[in-house]
Amino acid sequence: MIASLFLRELKLARRVGGGGVMGVIFFLCLVTIVPFGVGPDQKLLGRIGPAILWIAALLASLLGLDRLFQADEEDGSLDLLLMSGVPLELIVAVKCAAHWVVTGLPLVVAAPLFGLLLAIDPPTLAGTTASLLVGTPALTFLGALGAALTVHLRRGGLLLAILILPFSIPTLIFGVSAAAAAGALSPMPFATPFAILCALTLIGAAVGCFAAAIALRALQR
């Protein structure tokens with residue numbers, strides 16, 4: 001049943017979120033706009049490139065999150081899911097996993113190519129990609145809580161961003177730190193910020209799923 005629910009959510013996430021193509025195009029737009037503001041200094045771009053990629057990934061991951069539960073709420077399937085007997089926390093986790101596969105994973109795949117546009121050196125680019133792989137799920141799990149709180153609001157995307165962005169700061173800090181530490185000349189160890197980033201994702205999965213489930217139950221009463 002979980003596999004069927006995951007496949008259903010993949011199709012639903014593509015439909016309500018516009019798929020990963022929209023996120024990748026938004027990601028590309030942000031990455032290409034920043035050099036016009038910073039200037040043609042390749043050393044500066046290479047130094048701040050991991051932060052640019054992480055900020056772009058953070059903003060792109062917000063696309064479609066406001067519809068994570070709204071589509072189910074509008075067609076009544078959220079009530080059926082609540083009555084299905086499957087723990088709502090597990091349902092939220094499956095929906096988050098499907099949403100990340102559709103919107104977050106394409107960003108991770110595109111990051112090495114877009115990193116070349118920012119003149120990021122290969123070791124730092126590899127570290128940035130690895131940090132995005134383990135860090136972007138945390139953004140999705142945190143976003144699930146915002147999506148649950150705004151499930152009854154029309155055009156709640158802006159409110160969701162305001163709610164979620166402050167809680168995304170630790171993930172952003174340690175994601176950029178891990179990417180910067182992967183550089184060949186970096187004096188910082190890569191393992192420490194990367195391990196903390198993994199821990200933040202696990203915490204986000206536990207807290208986000210349970211908090212989103214509590215919010216959905218409360219709002220449905």
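All values below come from the heavy atoms of this structure, side chains included, with hydrogens, waters and symmetry mates left out.
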Residues Thr129, Leu132; criterion side chain to side chain contact (heavy atoms under 4.5 Å, CB included); working and verdict
CA-CA 5 Å; Thr129 305; Leu132 287 171; 5.7 Å; no

Looking at Val101 and Pro106, what are the two nearest heavy atoms and their distance?
O-CD, 3.4 Å

Partner set under side-chain contact (heavy atoms from CB on, under 4.5 Å) for Phe210, not counting sequence neighbours:
Glu89

Quick check: is Ile214 connected to Ile91 through a chain of hydrophobic side chains (ILVMFWY, heavy atoms under 4.5 Å apart)?
no

Among the clusters formed by ILVMFWY side chains lying less than 4.5 Å apart, do Phe141 and Ile173 turn up in the same one?
no

Taking 4.0 angstrom as the limit, do Lys43 and Asp121 come out as a salt bridge?
no

Interatomic distance, CG@Leu159 vs OG1@Thr150, rounded to 0.5 Å, equals 6.0 Å

Closest non-hydrogen atoms of Thr171 and Gly135, given as atom of the first, atom of the second and distance, are CG2-O, 3.7 Å

Examine distances only and state if a side-chain atom of Thr201 and a backbone atom of Pro137 form a donor-acceptor pair shorter than 3.5 Å.
no

With the side chain counted from C-beta on, respond yes when Leu139 and Leu65 share a heavy-atom pair under 4.5 Å apart, and no when they do not.
no

CG of Asp72 to CG of Leu216: how many Å apart, nearest 0.5 Å?
9.5 Å

How long is the gap from CD on Glu73 to CG on Leu68, to the nearest 0.5 Å?
13.0 Å

To the nearest 0.5 Å, what is the distance between CG on Leu197 and CG on Leu172?
10.0 Å

Closest heavy-atom contact between Pro193 and Ala181?
CG-CB, 4.4 Å

Within this structure, what is the CG-NZ distance for the pair Leu90 and Lys95, rounded to the nearest 0.5 Å?
12.5 Å

When you measure from the side chain of Thr124 to the backbone of Ile120, do you find a donor-acceptor pair of N or O atoms at a distance under 3.5 Å?
no

Below 3.5 Å, can you tabulate the donor-acceptor pairs from side chains in residues 50-61 to any protein atom, sequence neighbours excluded?
from	atom 1	to	atom 2	distance (Å)
Trp54	NE1	Ser131	OG	3.0
Trp54	NE1	Gly175	O	3.4
Ser61	OG	Ala57	O	3.3
Ser61	OG	Leu58	O	2.7

Would you name the heavy atoms of Phe194 and Ala130 that are closest together and state the gap between them?
CE1-O, 3.6 Å

Of all heavy-atom pairs linking Ala161 and Pro166, the shortest is O-CD, 4.4 Å

Identify each donor-acceptor pair in which a side-chain atom of residues 23-34 lies under 3.5 Å from a protein atom, sequence neighbours left out, and give them as a table.
from	atom 1	to	atom 2	distance (Å)
Thr32	OG1	Leu28	O	2.8
Thr32	OG1	Cys29	O	3.0

Could you list all the side-chain hydrogen bond (donor to acceptor under 3.5 Å, both in side chains) pairs where at least one residue sits in residues 136-145, not counting sequence neighbours?
Trp100-Thr136

Is there a path of hydrophobic side-chain contacts, each under 4.5 Å between heavy atoms of I/L/V/M/F/W/Y residues, joining Leu105 to Leu7?
yes

Nearest non-hydrogen partners of Leu160 and Gly143, listed with the distance
CD1-O, 4.1 Å

Would Ile203 end up clustered with Phe174 when hydrophobic side chains under 4.5 Å apart are linked, directly or stepwise?
no

Taken in chain and number order and not counting sequence neighbours, the residues that satisfy ring-ring contact (aromatic ring centres under 6.0 Å, His included) with Phe69 are none

Is Val207 reachable from Val94 through a run of hydrophobic residues whose side-chain heavy atoms are each under 4.5 Å from the next?
no

Can you give me every donor-acceptor pair (side chain of residues 111-118, partner residue at least two apart or in another chain, under 3.5 Å) with its distance?
none

